[in-house]
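See structure below.
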Number of protein chains: 2
Amino acid sequence: MNNNVVAEGLAEPKTLVESAYRALRRDIIEGNLAPGEKLRVEHLKDNYGVGAGTLREALSLLISDALVVSQGQRGFRVAPVSLADFEDIAQTRVMLECEALRQSIAMGDDAWEADLVAAFHRLAKAEEKRIGSEAREEWEERNRIFHEVLIAACPSRWLKHFLSILYFQAERYRRLSLYLQPIPRDIHVEHEALLHAAINREADKAAAILSEHILLTFRSVQAIPAEQLNAKLRA
Amino acid sequence: MNNNVVAEGLAEPKTLVESAYRALRRDIIEGNLAPGEKLRVEHLKDNYGVGAGTLREALSLLISDALVVSQGQRGFRVAPVSLADFEDIAQTRVMLECEALRQSIAMGDDAWEADLVAAFHRLAKAEEKRIGSEAREEWEERNRIFHEVLIAACPSRWLKHFLSILYFQAERYRRLSLYLQPIPRDIHVEHEALLHAAINREADKAAAILSEHILLTFRSVQAIPAEQLNAKLRA
DNA sequence: TCAATATGTTTTCTCGAGATTTTTAAATAC
DNA sequence: GTATTTAAAAATCTCGAGAAAACATATTGA
C-alpha cells in the first residue's frame with residue numbers, strides 16, 4: 001500500500017526507477033502510449049533515458065496499478081481498454097467511493113472541512129482558465145485532490161488504496177474520450193453540490209450526487225459512437 | 001489485473017522472476033520472512049538462486065499485493081502488520097466479498113453450482129486429514145479455491161481482483177496466529193451453511209454467514225493476548 | 001495452393017560488476 | 001557525558017552484455 005498520492009505530487013522522485021515509473025504512468029494515462037501497445041524494453045529505455053533493468057522494474061511497478069500487463073516470456077503491454085471494463089470500473093468505484101464518503105462525512109472534523117473547502121476553491125480557480133494543456137494538467141491534478149480530500153476522513157486505508165487505483169483507471173478512460181463528450185454537463189455545479197452536501201453532513205444526498213457524478217462520466221463515454229471511440233483508442 | 005489464481009496454481013512459472021515472486025510470496029504469507037523485516041537483495045539472491053536484478057523485479061511485483069513495501073533509496077521490507085490493519089482488511093473484505101457473493105448468487109448457473117459443490121467436497125476431504133504441514137498446505141489451497149468459486153459468477157473483474165489481494169493479506173494474519181486460536185469454531189459447519197445458502201439462492205442469509213465467517217477470524221486474532229501475539233509476530 | 005519444417009532475426013530474460021547513497025562506527029570538540 | 005563531525009562499511013541502485021525464447025521469413029514437400 002504505497003502512495004499517499006497527495007504527498008507524491010510534491011515529493012521529488014529519489015531514484016531513476018521512480019522517475020521512469022511516473023513518466024510511464026503519465027504517458028499511459030494521457031494516451032501517449034496506446035492501450036494494448038507493446039512496450040519494448042530495448043526501444044523505451046532510450047526514450048526514458050534509463051537502463052534496461054531499470055525500465056523493467058518500473059514496468060513491474062505499473063502492474064500494481066493495472067496500467068501494464070505482462071505475460072511470461074512475451075514482454076509487457078499497455079493494459080487494454082474496453083467499454084465493459086470502464087463500466088466495471090465506474091460501478092466498483094461508485095460502490096467503494098460512496099461508502100468511503102459516508103464514513104468520511106461521519107468522521108470528518110473541522111480540519112477536514114477546511115481542507116475540503118480549500119480543495120474546492122483551488123479546483124474552482126483552475127476551472128476558470130481551462131484553456132491550454134498546462135491549465136488542463138492543473139485542473140486534472142486539483143480534481144483528483146478534491147476527490148481525495150472528500151474521502152480523506154474515511155479511516156480505511158484499504159478502501160482509499162483501492163480507490164486511488166480506480167481513480168487513475170477512470171482518468172485514463174476519461175482522457176481518451178475527452179474532446180468527444182456528447183452529454184452536456186456542468187461539472188462545477190456537480191462539485192459544488194457535493195461540497196455542500198458533505199459539509200452539511202448529508203450523507204445520503206452526498207452519496208447520491210457522487211454516484212451520479214461517476215456514472216455520468218461513464219455514460220458520456222458510452223454515448224460516443226463506436227467508430228469515433230475506436231479511432232481515438234487506437235491513436 | 002494479473003492473476004486468475006485458480007489457474008496460477010496449475011501453470012508452471014515460465015520465468016525466474018515469477019519463480020522468485022511465488023517463493024517470496026509464500027515465505028511472506030507463511031511468516032518465514034517476518035513482518036517489517038528488511039529484505040536485503042545481496043543476501044536473498046543466493047537463497048532464491050537468482051541474480052540481483054531478477055530478485056528486485058520479483059520484489060517490485062510483490063508491491064502489487066501489498067506484501068512488500070519499498071522506500072526510495074532505502075530498499076525493500078516485508079509489509080508490517082498490526083491489529084488495526086487486520087481489522088481494516090476484515091471489514092473491507094466483508095463489504096466487498098458480500099457484495100460479490102450476492103452478485104454471484106444472482107448470476108450463477110448450473111455449472112457454477114457444480115463447481116461449488118466440487119470445491120466444497122475437496123475442501124471437506126482435506127479437512128479430515130488435517131495433520132502435517134503438507135495436509136495443511138492442501139487445506140489452505142482448497143479453502144482459498146472454495147472462497148474463490150463462491151464469488152466466481154460475479155461479473156466484476158475488479159471486485160474479484162481486489163478480493164484476491166485481501167484474501168492473501170488475511171491468510172497471512174491467520175497463519176501468524178494459527179496455533180493460538182482461543183475462540184472455538186467449527187469451520188466445516190460454517191462452510192457447509194455457506195454452501196447451502198448459496199445453492200438455495202438465499203443471498204441475504206449467505207451474506208450474513210460469510211460476514212460472520214470473516215469477522216470471526218479477526219476476533220480470533222483479536223482475542224489473543226497481546227504479549228503472545230507480539231512474540232509470534234516477531235518470530 | 002497449402003501445410004510443415006528449417007533458418008535467421010528480434011526481443012525478452014538474466015546476470016555480475018561499478019557508481020551512489022545510506023548506515024554504522026569512531027573520533028573529536030564542547 | 002553529550003553532541004557534532006569524519007571516515008569506513010554496507011547496501012542500494014544502475015548499467016550493458018550475454019543466453020534463451022519467441023517471432024518472422026524462407027524453403028521444402030505434398
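Note that the structure is predicted; figures quoted are calculated from it, not measured. Residue numbering restarts at 1 for every chain, and letters A, B, ... go by the order of the sequence lines.
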- Regarding the side chain of A:L16, the nearest nucleotide among D:dT14, D:dA21, D:dC13 is D:dT14
- Query: Is a donor on one side and an acceptor on the other found under 3.5 Å between the side chain of B:S156 and the backbone of A:D88?
  - Reply: no
- Determine yes or no for a side-chain-to-main-chain donor-acceptor pair under 3.5 angstrom, with A:K45 supplying the side chain and A:L55 the backbone. no
- Task: Indicate the ring-plane relationship of A:Y173 and A:F86, choosing parallel, tilted or perpendicular according to the 30° and 60° boundaries.
- Result: parallel
- Between A:V17 and A:E42, the residue closer to the 5' end of DNA chain D by nearest nucleotide is A:V17
- Task: Could you tell me whether a side-chain N or O of B:Q169 sits under 3.5 Å from a main-chain N or O of B:D65, the two making a donor and an acceptor?
- Result: yes
- Between A:T15 and A:R74, whichever has its closest DNA chain D nucleotide further toward 5' is A:T15
- Task: Identify whether the distance between the nearest side-chain nitrogen and carboxylate oxygen of A:R26 and A:E171 falls below 4.0 Å.
- Result: no
- In whole angstroms, the gap separating P of D:dA21 from CZ of A:R40 amounts to 21 Å
- Whole-Å distance separating the CD atom of A:E18 from the P atom of D:dT12: 17 Å
- Query: Taking the inter-plane angle between the rings of B:H191 and B:W139 on a 0 to 90° scale, is it parallel (under 30°), tilted (30 to 60°) or perpendicular (over 60°)?
  - Reply: tilted
- Item | Note: B:E18-B:K14 ion pair, threshold 4.0 Å (strictly below) | no
- Message: By the 4.0 Å heavy-atom rule, please label A:L39 as base, sugar-phosphate, or nothing.
- Response: sugar-phosphate
- Query: What's the CD-C1' distance between B:E57 and D:dC13, to the nearest Å?
  - Reply: 14 Å
- Parallel under 30°, tilted from 30 to 60°, perpendicular over 60°: which one fits the rings of B:H161 and B:W158? perpendicular
- Contact list for DNA chain D against residues 45-54 of chain B - heavy-atom distance below 4.0 Å: none
- Item | Rounded (10°) bend between the five-pair end axes of the helix from C:dT1-D:dA30 to C:dC30-D:dG1 | 10°
- Task: Determine the contact category for A:Q73: base if any of its heavy atoms lies under 4.0 Å from a base atom, sugar-phosphate if only primed atoms, P, OP1 or OP2 are that close, otherwise nothing.
- Result: sugar-phosphate
- Item | Along DNA chain C, first and last positions that approach a heavy atom of chain A under 4.0 Å | C:dT11 to C:dT14
- Does the pair A:R136/A:E140 count as a salt bridge with the N-to-O cut at 4.0 Å? yes
- Message: Is there a side-chain contact between A:L96 and B:L96 in this structure, where contact means two heavy atoms from C-beta onward sitting under 4.5 Å apart?
- Response: yes
- What nucleic acid atoms does A:L55 come within less than 4.0 Å of, heavy atoms only: base, sugar-phosphate, or nothing? nothing
- Message: If we ignore hydrogens and angles and just use 3.5 Å, is the side chain of A:S104 paired with the main-chain N or O of A:L150 as donor and acceptor?
- Response: yes
